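Since the structure comes first, as structure tokens, the remarks are kept for the end.
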There are 2 protein chains.
Amino acid sequence: MRMIWLMDDQPVALPTRTERKERTRRAILDAALTLTEQSSLSALSLRHVAREVGIAPTAFYRHFTSAEDLGLALVDESFSSLRRTLRDVRAAQPSVGGVIGPSVEVLVDRVRADPEHFGFISRERVGGLPGVRAAIRRELDLFEAEIATDFARLPGAVHWSTDDLRTSANLIVIAMVAAAERLLQGPGTPAFEREVTRTTTTQLRMLSIGAIQWRSRPQDRGGSGRLRATDDTTTS
Amino acid sequence: MRMIWLMDDQPVALPTRTERKERTRRAILDAALTLTEQSSLSALSLRHVAREVGIAPTAFYRHFTSAEDLGLALVDESFSSLRRTLRDVRAAQPSVGGVIGPSVEVLVDRVRADPEHFGFISRERVGGLPGVRAAIRRELDLFEAEIATDFARLPGAVHWSTDDLRTSANLIVIAMVAAAERLLQGPGTPAFEREVTRTTTTQLRMLSIGAIQWRSRPQDRGGSGRLRATDDTTTS
DNA sequence: GGTGTTGGTGGACACCTGTCCACCAACTGT
DNA sequence: ACAGTTGGTGGACAGGTGTCCACCAACACC
């Protein structure tokens with residue numbers, strides 16, 4: 001920010017060039033986000049965006065080379081906050097069971113706080129520009145891998161196959177994506193949000209119970225009916 | 001079909017008017033399906049469809065009142081075959097565990113046999129025309145309800161809460177939708193299909209194990225570690 | 001055999017689309 | 001103080017869009 005002083009000694013903030021560029025860049029991103037709310041990025045009109053922002057259509061190219069470029073920026077934005085928050089949550093909780101509740105709550109909070117970004121992700125995740133779709137899948141895969149790593153740290157996990165780790169982590173990611181979608185498509189009432197939170201938590205708990213049972217099976221087929229303790233997964 | 005006989009006594013099939021109408025209707029549906037393969041229905045150009053079919057743009061309105069109308073017809077088409085097939089599978093299998101394998105195989109087969117329809121569903125399920133989205137959700141909800149009913153028929157299910165029935169059925173539907181999407185986005189190789197089949201089957205088995213454990217909990221909290229027999233869910 | 005119905009035509013309408021271009025004013029680094 | 005850089009302008013381009021309209025040929029029915 002560049003300061004200049006007028007005659008009456010009042011400092012006036014004059015935005016520097018890079019600041020102004022960043023500002024219209026933001027405006028473009030925001031406009032794109034609101035305009036794609038009802039359709040998809042591939043159907044986004046560049047002129048529409050320009051009109052919304054208040055610039056000439058061609059000025060768009062000073063910031064993004066294409067709609068796909070814009071989309072990738074939006075993907076990055078959308079995930080960065082969620083990724084950070086969830087990582088914090090998982091780092092703070094020692095057990096897998098303990099991490100479920102807070103994780104779902106974080107997800108619901110983030111989606112509520114920023115529906116446009118998550119709506120964008122949910123829409124572009126399937127069908128849209130291939131590059132954007134790929135970027136989103138990469139983020140979700142990363143997320144899945146982190147969950148699998150968490151699982152691998154569980155006591156007794158050394159004997160679980162890598163495949164099954166990924167498979168169960170995948171289902172968890174799927175359930176969370178589905179929860180976000182339900183949240184976005186349903187009414188924004190607190191009651192509905194609470195219901196989605198409850199349902200999703202239940203689903204993840206069921207799942208982790210099943211996963212733990214499942215994996216003890218291959219090396220203990222036909223053994224006694226006695227199963228591993230599952231306290232980890234029920235402590236909220 | 002109206003038959004006419006030429007001089008040399010060869011019967012020639014002359015399509016009646018309604019048959020011809022039905023034929024171009026089909027052509028429109030097919031064209032719309034291939035044209036939306038890369039984008040969404042809301043971005044579908046009516047003129048493009050007409051060109052593909054080989055009719056004048058305005059002739060479209062003789063068959064559908066709008067793009068949404070077309071979309072609803074496609075939703076109906078897409079689900080009708082799957083719904084029928086899955087219902088047969090579930091009717092033929094007495095146990096929930098036994099139904100998982102065949103169900104997943106049916107799903108994979110149907111998706112492979114008709115990727116255009118399922119791609120359409122997967123894309124329009126989120127973001128697109130609201131009416132179409134609602135129709136798809138209705139179909140999935142119906143499917144979820146049927147699964148919940150199956151669960152309710154399990155021995156010992158009388159004590160399970162309706163909510164938990166729906167919650168677990170919901171996750172099953174979610175996992176199957178996700179499987180279809182993975183199948184559609186990944187390579188069409190048989191190896192990949194087998195892997196998706198295996199992964200999804202595992203997920204559904206884990207899930208049903210977890211669900212069974214879960215529900216026995218509320219009325220038996222703090223009991224022995226002994227759990228219900230789960231043979232149902234492991235017999236393929 | 002005549003008549004109403006109907007699937008399809010083709011032109012015209014007003015408007016919207018992405019991208020190219022020359023141009024400009026003002027901020028920046030020296 | 002000056003020259004270069006840069007964010008933004010506005011017109012023009014070739015084309016694409018949905019929808020309206022009058023019109024037609026052929027099928028269906030009585």
Side-chain angles (χ1 to χ4, degrees), chain A residues 1-6 11-32 34-36 38-73 128-129 131-132, chain B residues 1-6 11-32 35-36 38-71 73 128-129 131-132:
Chain A
M1 200 67 84
R2 218 176 38 148
M3 293 296 181
I4 65 165
W5 278 259
L6 302 181
V12 169
L14 257 216
T16 160
R17 183 130 85 178
T18 43
E19 277 172 332
R20 289 210 295 190
K21 178 165 189 182
E22 179 55 30
R23 201 169 297 183
T24 73
R25 192 188 132 97
R26 259 258 60 82
I28 291 177
L29 288 168
D30 289 345
T34 55
L35 288 174
T36 51
Q38 306 283 2
S39 65
S40 88
L41 184 67
S42 54
L44 178 63
S45 155
L46 186 142
R47 284 180 122 101
H48 241 147
V49 174
R51 208 169 308 146
E52 181 97 355
V53 175
I55 57 173
T58 36
F60 175 87
Y61 294 108
R62 305 286 186 199
H63 302 270
F64 302 98
T65 66
S66 62
E68 170 142 350
D69 194 15
L70 203 178
L72 293 177
L129 299 105
V132 178
Chain B
M1 200 67 83
R2 219 176 37 146
M3 292 297 180
I4 65 165
W5 278 260
L6 302 181
V12 169
L14 257 216
T16 158
R17 185 132 81 178
T18 43
E19 278 172 331
R20 290 213 295 192
K21 179 164 189 182
E22 179 54 31
R23 202 168 297 182
T24 74
R25 192 188 132 98
R26 259 259 60 81
I28 290 176
L29 288 168
D30 289 345
L35 288 173
T36 51
Q38 306 283 0
S39 64
S40 88
L41 184 65
S42 53
L44 178 63
S45 155
L46 187 143
R47 287 178 120 102
H48 242 148
V49 174
R51 208 170 308 146
E52 180 97 354
V53 175
I55 57 173
T58 38
F60 174 87
Y61 294 108
R62 305 287 186 198
H63 302 269
F64 302 98
T65 66
S66 63
E68 171 144 348
D69 194 15
L70 204 179
L129 300 104
V132 177

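Just so it is clear: chains get the letters A, B, ... in the order the sequence lines come, proteins before strands, and each one is counted from 1. Small disclaimer: the values here were computed from a predicted structure and weren't measured.
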Results of side-chain hydrogen bond (donor to acceptor under 3.5 Å, both in side chains) for A:T58 - residues two or more places apart only: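 Expected list: none.
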Let me confirm one number: the CZ-CG distance from A:F64 to A:L29, rounded to the nearest 0.5 Å.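 It comes to 4.0 Å.
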Look up atom CG in A:L70 and atom CG in A:L41, then write down how far apart they are to the nearest 0.5 Å.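 Taking CG in A:L70 and CG in A:L41, the distance rounds to 6.5 Å.
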Partner residues of A:R47 under the salt bridge (charged side-chain N to carboxylate O under 4.0 Å, His left out) criterion, sequence neighbours left out: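 Testing A:R47 for salt bridge (charged side-chain N to carboxylate O under 4.0 Å, His left out), a comparison that skips the adjacent residues, returns none.
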Just jot down the salt bridge (charged side-chain N to carboxylate O under 4.0 Å, His left out) partners of B:D69, sequence neighbours excluded, or say none.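 For B:D69, no residue satisfies salt bridge (charged side-chain N to carboxylate O under 4.0 Å, His left out) once neighbours in sequence are set aside.
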For A:Q38, which residues count as a side-chain contact (heavy atoms from CB on, under 4.5 Å) partner, sequence neighbours excluded?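 None.
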Student check: side-chain heavy atoms of A:E22 and A:R26 closer than 4.5 Å: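 Contact flag for A:E22/A:R26 side chains = yes.
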Taking the side chain as C-beta and beyond, is there a heavy-atom pair between A:V53 and A:F60 under 4.5 Å?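 A side-chain contact under 4.5 Å is absent here.
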At under 4.0 Å between heavy atoms, what does B:R25 touch on the DNA or RNA strands: base, sugar-phosphate, or nothing?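 Result for B:R25 = nothing.
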How long is the line joining CG of A:L129 and P of C:dG18, in whole Å?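 Taking atom P of C:dG18 as the reference, CG of A:L129 is at 13 Å.
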Have a look at the helix from C:dG1-D:dC30 to C:dT30-D:dA1 and give the angle its two end axes make, five pairs each, rounded to 10 degrees.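 End-to-end axis angle for the helix from C:dG1-D:dC30 to C:dT30-D:dA1: 30°, rounded to 10°.
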Determine, for nucleotides 3-11 of chain C in 5'-to-3' order, which nucleotides have protein heavy atoms under 4.0 Å from the base (write B), from only the sugar-phosphate (write S), or from neither (write -). --BBBBBB-
